[in-house]
Undergrad: 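This is the structure I have questions about; it appears just below.
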Amino acid sequence: MEITEYIASLSEEGRLLAAAAEQAGPGASVPTCPGWQIRHLLRHTGMVHRWAAELINARHTTPHPDGGEPDLDGGELLDWFRAGHRHLVRSLEAAPADLECWTFMPAPSPLAFWSRRQLNETTVHRVDAESALGGPLTTVGADRAADGIDELLTGFHSRPKSRVRSSVPRTLRVRAVDTDAVWTVRISDAPPQTVRVAVPGGADGGDGGPGAEGGGDQVDCELSGTAEGLYLTLWNRLPLAAVTLRGDRSVARLWTDNSAVTW
């Protein structure tokens with residue numbers, strides 16, 4: 001995706017999040033984040049937006065603390081969230097292509113990193129806000145969802161902080177049937193290693209099981225489905241039942257039980 005696409009999508013996702021939060025009300029439970037109410041979701045996401053904007057605008061080249069979550073609620077909290085989201089979007093729009101600031105995962109540039117990271121942050125939390133309403137979720141396009149899977153698998157979970165580990169090496173395949181994307185995730189006692197390959201002409205495979213993939217490698221478990229379904233399942237916003245699982249379910253549980261992201 002182009003940086004302009006990331007920023008435009010971020011703008012829309014923030015508006016959708018705020019609209020869902022306003023409709024649900026600050027005390028509504030967020031089923032995808034047990035123990036959270038909408039007020040907690042707004043405080044957290046708004047804090048992250050302001051933190052990212054500060055890094056961008058001040059050109060911090062080392063980690064910088066966030067400003068903390070506000071003691072706001074109700075309409076004041078919603079206004080605060082919307083203002084911070086607008087500020088983030090405008091900060092990204094105004095940032096130069098050669099922006100230099102701190103990042104915490106590899107990316108083509110700091111501007112590309114923060115545009116992508118804040119889009120995925122806001123999209124996942126928009127899903128949280130909409131889940132509080134109990135209705136349908138706003139769709140994430142296949143290409144954008146696949147890009148989000150890339151960030152999660154090859155970015156977050158390539159870091160030493162990843163808790164997706166196994167004393168016995170295991171291999172998980174993730175296959176997006178509405179794109180040409182297939183990811184192979186090798187799980188061991190070290191951080192997971194992920195490789196993405198393209199399968200021209202559709203990624204549905206049709207091999208009847210989780211064994212050999214395009215490159216001939218054997219895998220222990222395969223998750224397949226739409227890119228959107230996989231994106232939300234891998235972020236633990238949908239259950240494993242939302243995608244097709246073939247092979248050893250315990251490998252998929254290694255992911256769902258241990259993949260919660262920490263900064």
Side-chain angles (χ1 to χ4, degrees), residues 1-24 32 41-42 44-60 66 78-131 133 135-156 176 178-181 196 226-232 234-235 237-238 261:
M1 291 176 60
E2 298 292 331
I3 290 173
T4 54
E5 294 178 279
Y6 286 130
I7 298 172
S9 296
L10 167 62
S11 181
E12 178 62 16
E13 289 289 351
R15 288 194 293 269
L16 290 170
L17 193 163
E22 184 172 32
Q23 184 177 350
T32 48
L41 182 67
L42 289 174
H44 166 77
T45 313
M47 175 271 290
V48 172
H49 286 170
R50 281 171 166 75
W51 171 68
E54 169 66 14
L55 286 163
I56 294 162
N57 291 324
R59 310 294 198 265
H60 292 294
D66 62 65
L78 196 60
D79 290 344
W80 175 85
F81 171 83
R82 284 177 165 139
H85 170 252
R86 287 194 300 268
H87 178 55
L88 171 62
V89 170
R90 290 168 183 166
S91 297
L92 290 166
E93 289 173 337
D98 61 354
L99 170 72
E100 292 188 12
C101 69
W102 176 76
T103 62
F104 58 89
M105 292 189 294
S109 70
L111 183 57
F113 170 83
W114 284 111
S115 300
R116 182 198 213 192
R117 175 78 293 277
Q118 290 307 299
L119 170 58
N120 285 313
E121 176 82 11
T122 307
T123 299
V124 169
H125 289 315
R126 182 268 299 165
V127 170
D128 293 331
E130 290 182 345
S131 75
L133 296 173
L137 302 174
T138 302
T139 299
V140 179
D143 289 342
R144 183 152 75 82
D147 186 71
I149 294 170
D150 265 344
E151 186 200 49
L152 183 62
L153 296 183
T154 68
F156 274 113
D178 53 348
T179 76
D180 65 356
R196 175 176 174 172
T226 64
E228 179 187 35
L230 291 166
Y231 175 59
L232 297 181
L234 292 169
W235 271 107
R237 264 50 187 192
L238 290 178
V261 163

Undergrad: Quick one about H44 and E121 (side-chain donor to acceptor, distance below 3.5 Å, no hydrogens or angles considered), yes or no?
TA: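 Note: E121 and H44 side chains meet the donor-acceptor criterion.
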
Undergrad: Are E54 and H60 close enough that some pair of their side-chain heavy atoms sits under 4.5 Å apart?
TA: yes

Undergrad: I need the minimum non-hydrogen distance between P108 and A112, along with the two atoms involved.
TA: CD-CB, 4.2 Å

Undergrad: Show the numbers, then the answer: is there a side chain to side chain contact (heavy atoms under 4.5 Å, CB included) between Y6 and L10?
TA: CA-CA 6 Å; Y6 286 130; L10 167 62; over 6 Å; no

Undergrad: Is there a donor-acceptor pair closer than 3.5 Å between any side-chain N or O of R90 and the backbone N or O of L88?
TA: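 No, R90 side chain to L88 backbone: no donor-acceptor pair under 3.5 Å.
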
Undergrad: Side chains of R196 and L153: does their closest heavy-atom pair fall under 4.5 Å?
TA: no

Undergrad: Using a 3.5 Å distance criterion without hydrogens, assess whether the side chain of N120 forms a donor-acceptor pair with backbone atoms of E151.
TA: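 Absent.
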
Undergrad: Just wondering, do R50 and D66 contact through their side chains at under 4.5 Å, heavy atoms?
TA: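 A side-chain contact under 4.5 Å is absent here.
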
Undergrad: Can you tell me how far apart CZ (R117) and OG1 (T103) are? Round to the nearest 0.5 Å.
TA: 12.0 Å

Undergrad: Check A95 against I56 and note the closest heavy-atom contact, atom names and distance.
TA: CB-CG2, 4.1 Å

Undergrad: Do side-chain atoms of S131 reach the backbone of D128 as a donor and acceptor pair under 3.5 angstrom?
TA: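 Here the side-chain-to-backbone pair exists.
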
Undergrad: On a heavy-atom basis, which atom in A146 and which in A227 lie closest, and how many Å separate them?
TA: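 Closest pair (atom of A146, atom of A227, distance): N-CB, 4.0 Å.
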
Undergrad: Any chance you could measure L17, atom CG, to E22, atom CD, to the nearest 0.5 Å?
TA: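 The CD atom of E22 is 12.0 Å from CG of L17, to the nearest 0.5 Å.
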
Undergrad: So, do T122 and H49 sit near enough that their side-chain heavy atoms are less than 4.5 Å apart?
TA: yes

Undergrad: Counting N and O atoms only, with roles assigned by atom type, does the side chain of H87 sit under 3.5 Å from a partner on the main chain of R82, one being a donor and the other an acceptor?
TA: no

Undergrad: Q23: which residues meet the side-chain contact (heavy atoms from CB on, under 4.5 Å) condition with it, sequence neighbours left out?
TA: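 If we apply the side-chain contact (heavy atoms from CB on, under 4.5 Å) test to Q23, skipping adjacent residues, the hits are L133.
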
Undergrad: With rounding to the nearest 0.5 angstrom, report the CG to CG distance, L111 to D98.
TA: 9.5 Å

Undergrad: Check whether any side-chain heavy atom of F104 lies under 4.5 Å from a side-chain heavy atom of F156, and answer yes or no.
TA: yes

Undergrad: Do any pairs count as a salt bridge (charged side-chain N to carboxylate O under 4.0 Å, His left out) and have a residue in residues 5-17, sequence neighbours left out, and if so which ones?
TA: E12-R15, E13-R126, E13-R144

Undergrad: Side chain to side chain contact (heavy atoms under 4.5 Å, CB included) for Q118 and V48? Distances and angles first, verdict last.
TA: CA-CA 8 Å; Q118 290 307 299; V48 172; 3.6 Å; yes

Undergrad: So which heavy atom on S9 is nearest to which on M1, and how close?
TA: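 The answer is OG-CE, 4.4 Å.
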
Undergrad: When you compare the side chain of R237 with that of V124, does any pair of heavy atoms fall below 4.5 Å?
TA: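 Of all side-chain heavy-atom pairs linking R237 with V124, at least one is under 4.5 Å.
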
Undergrad: Using only atom types and a distance under 3.5 Å, with no angle test, would you say the side chain of R116 pairs donor to acceptor with the backbone of D147?
TA: yes

Undergrad: First locate atom CZ of F81, then atom CG of L42, and finally report the distance between them rounded to the nearest 0.5 Å.
TA: 6.0 Å

Undergrad: List the steps and the verdict of side chain to side chain contact (heavy atoms under 4.5 Å, CB included) for T179 and T226.
TA: CA-CA 8 Å; T179 76; T226 64; over 6 Å; no

Undergrad: Please name the pair of heavy atoms, one in I3 and one in S115, separated by the smallest distance, quoted to 0.1 Å.
TA: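 For I3 and S115, the tightest heavy-atom pair comes out as CG2-OG, 3.7 Å.
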
Undergrad: How close do P96 and R59 get, counting heavy atoms only, and between which atoms?
TA: CD-NH2, 3.3 Å

Undergrad: With a 4.5 Å limit on heavy-atom distance, are the side chains of W235 and T32 in contact?
TA: no

Undergrad: For the residue pair V261 and L152, establish whether any side-chain heavy-atom pair is separated by less than 4.5 Å.
TA: yes

Undergrad: Is there a donor-acceptor pair closer than 3.5 Å between any side-chain N or O of E228 and the backbone N or O of G141?
TA: no

Undergrad: For the residue pair W102 and W114, does the interplanar ring angle fall in the parallel (under 30°), tilted (30 to 60°) or perpendicular (over 60°) class?
TA: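 Tilted, since the angle between the ring planes falls between 30° and 60°.
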
Undergrad: Measure the CD1-CG distance between I7 and L119 for me, rounded to the nearest 0.5 Å.
TA: 10.0 Å

Undergrad: Would you compute the distance between atom OG of S91 and atom CG of N57 and round it to the nearest 0.5 angstrom?
TA: 3.5 Å

